[in-house]
Amino acid sequence: DAGVTQSPTHLIKTRGQQVTLRCSPKSGHDTVSWYQQALGQGPQFIFQYYEEEERQRGNFPDRFSGHQFPNYSSELNVNALLLGDSALYLCASSFRQISSYNSPLHFGNGTRLTVT
Amino acid sequence: AQKITQTQPGMFVQEKEAVTLDCTYDTSDPSYGLFWYKQPSSGEMIFLIYQGSYDQQNATEGRYSLNFQKARKSANLVISASQLGDSAMYFCAMREGNYGGSQGNLIFGKGTKLSVKP
């Protein structure tokens with residue numbers, strides 16, 4: 001049973017460029033969330049996708065956008081990269097339930113983005 | 001105000017001993033969940049244990065247990081019989097209630113780096 005898979009593993013970009021990160025959720029999961037983890041910090045919520053729509057969004061600018069496909073996989077796009085966007089980007093998946101506050105997120109290994 | 005506070009940036013423990021990692025939280029929502037994750041140097045966040053706000057008993061999962069003190073708003077992780085493989089970052093996280101049917105996001109603390117000494 002494949003867990004959450006992310007690609008690529010590492011990425012180096014230049015300031016001002018655009019980047020796309022990809023995520024395939026754990027089998028049976030239908031909800032994908034993206035988190036940014038700066039060095040030495042805990043992960044910070046970017047946004048969540050369910051049924052191909054953005055359902056929640058954290059405090060991130062519009063340069064951060066996403067998409068969810070019919071097979072539940074997801075992409076995170078970041079435009080006009082800044083040096084401060086350098087971080088580990090984590091994708092997490094879960095199965096949407098009515099009592100949603102008690103279901104854990106399953107995370108991938110992350111994509112380490114370096115902006116120079 | 002911080003919703004999740006982990007006051008120990010780093011901790012050392014001798015192999016085979018028990019260790020407690022502290023976590024306090026702040027919420028006015030009566031329904032919430034508390035989670036602990038382990039993050040090895042590889043980067044993956046590994047789910048360890050969960051405690052719900054209405055759970056009467058402290059959660060346990062193998063060598064992990066959660067010391068849940070609701071009135072004090074603390075949810076400390078206890079690792080018994082530490083192993084060298086337990087060396088990692090540990091994050092406490094909270095999810096509040098139910099956002100109109102959609103899953104609330106996890107709010108993480110800054111983490112505690114645990115080092116297990118042989």
Side-chain angles (χ1 to χ4, degrees), chain A residues 3-6 8-10 21 23 25-26 29-51 53-60 68 87-113, chain B residues 2-10 21 23 25 27 29-55 59 61 64 66 88-113:
Chain A
V4 180
T5 58
Q6 292 186 243
T9 307
H10 294 84
L21 311 182
C23 171
K26 180 180 168 66
H29 285 181
D30 57 7
T31 302
V32 173
S33 302
W34 287 92
Y35 287 78
Q36 180 196 65
Q37 186 178 17
L39 198 61
Q41 301 293 317
Q44 298 237 322
F45 174 70
I46 302 175
F47 43 53
Q48 179 192 93
Y49 276 84
Y50 171 70
E51 290 186 330
E53 289 187 15
E54 184 182 294
R55 300 291 177 161
Q56 284 188 66
R57 189 178 183 91
N59 189 23
F60 279 81
Q68 186 179 34
L88 179 68
Y89 288 84
L90 292 163
C91 172
S93 73
S94 58
F95 180 68
R96 181 174 177 266
Q97 300 173 15
I98 295 174
S99 299
S100 60
Y101 65 87
N102 60 355
S103 59
L105 294 183
H106 295 260
F107 285 84
N109 286 348
T111 294
R112 193 166 296 280
L113 173 65
Chain B
Q2 279 190 322
K3 292 223 169 187
I4 297 287
T5 303
Q6 295 181 254
T7 58
Q8 307 151 313
L21 306 183
C23 172
Y25 59 93
T27 181
D29 195 322
S31 301
Y32 55 89
L34 296 159
F35 304 80
W36 277 92
Y37 282 85
K38 171 184 178 182
Q39 187 177 43
S41 56
S42 61
E44 182 185 5
M45 299 287 282
I46 301 168
F47 167 69
L48 296 178
I49 196 167
Y50 162 81
Q51 181 84 43
S53 58
Y54 297 115
D55 293 344
E61 287 287 347
Y64 304 108
L66 204 152
M89 286 292 293
Y90 287 81
F91 290 94
C92 179
M94 176 175 67
R95 177 190 281 136
E96 295 169 304
N98 198 342
Y99 292 78
S102 126
Q103 287 188 337
N105 58 287
L106 286 183
I107 303 163
F108 284 85
K110 292 188 175 182
T112 296
K113 183 174 182 179

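- Across A:Gln37 and B:Phe91, no two heavy atoms sit closer than the pair NE2-CZ, 3.3 Å.
- Comparing A:Gly110, A:Pro43, A:Ala92 by heavy-atom pairs within less than 4.5 Å of chain B, the highest count is held by A:Pro43.
- Rounded to the nearest 0.5 angstrom, A:Leu105 CG and B:Tyr37 OH are separated by 4.5 Å.
- The backbone N or O of B:Leu106 lies less than 3.5 Å from a partner atom in the side chain of A:Tyr35, making a donor-acceptor pair.
- Contact of A:Phe47 with chain B is not made at all, since no heavy-atom distance falls under 4.5 Å.
- Within the 4.5 angstrom heavy-atom criterion, no atom of B:Gln51 approaches chain A.
- Between atom CG of residue A:Asn109 and atom CE of residue B:Met45 there is a gap of 12.0 Å, rounded to the nearest 0.5 Å.
- Every residue meeting the side chain to side chain donor-acceptor pair (under 3.5 Å) condition with A:Glu51, not counting sequence neighbours, appears here in chain and number order: A:Arg55.
- Across A:Phe45, A:Phe107, A:Tyr50, the residue that shares the most heavy-atom pairs under 4.5 angstrom with chain B is A:Phe107.
- Annotation for A:Gln68: atom CD counts as buried by contact number, over 12 foreign heavy atoms lying within 6.0 Å.
- Scored by the side chain to side chain donor-acceptor pair (under 3.5 Å) test, A:Arg112 finds no partners at all (sequence neighbours excluded).
- Contacts of A:Gln6 with chain B are absent, with no heavy-atom separation under 4.5 Å from either backbone or side chain.
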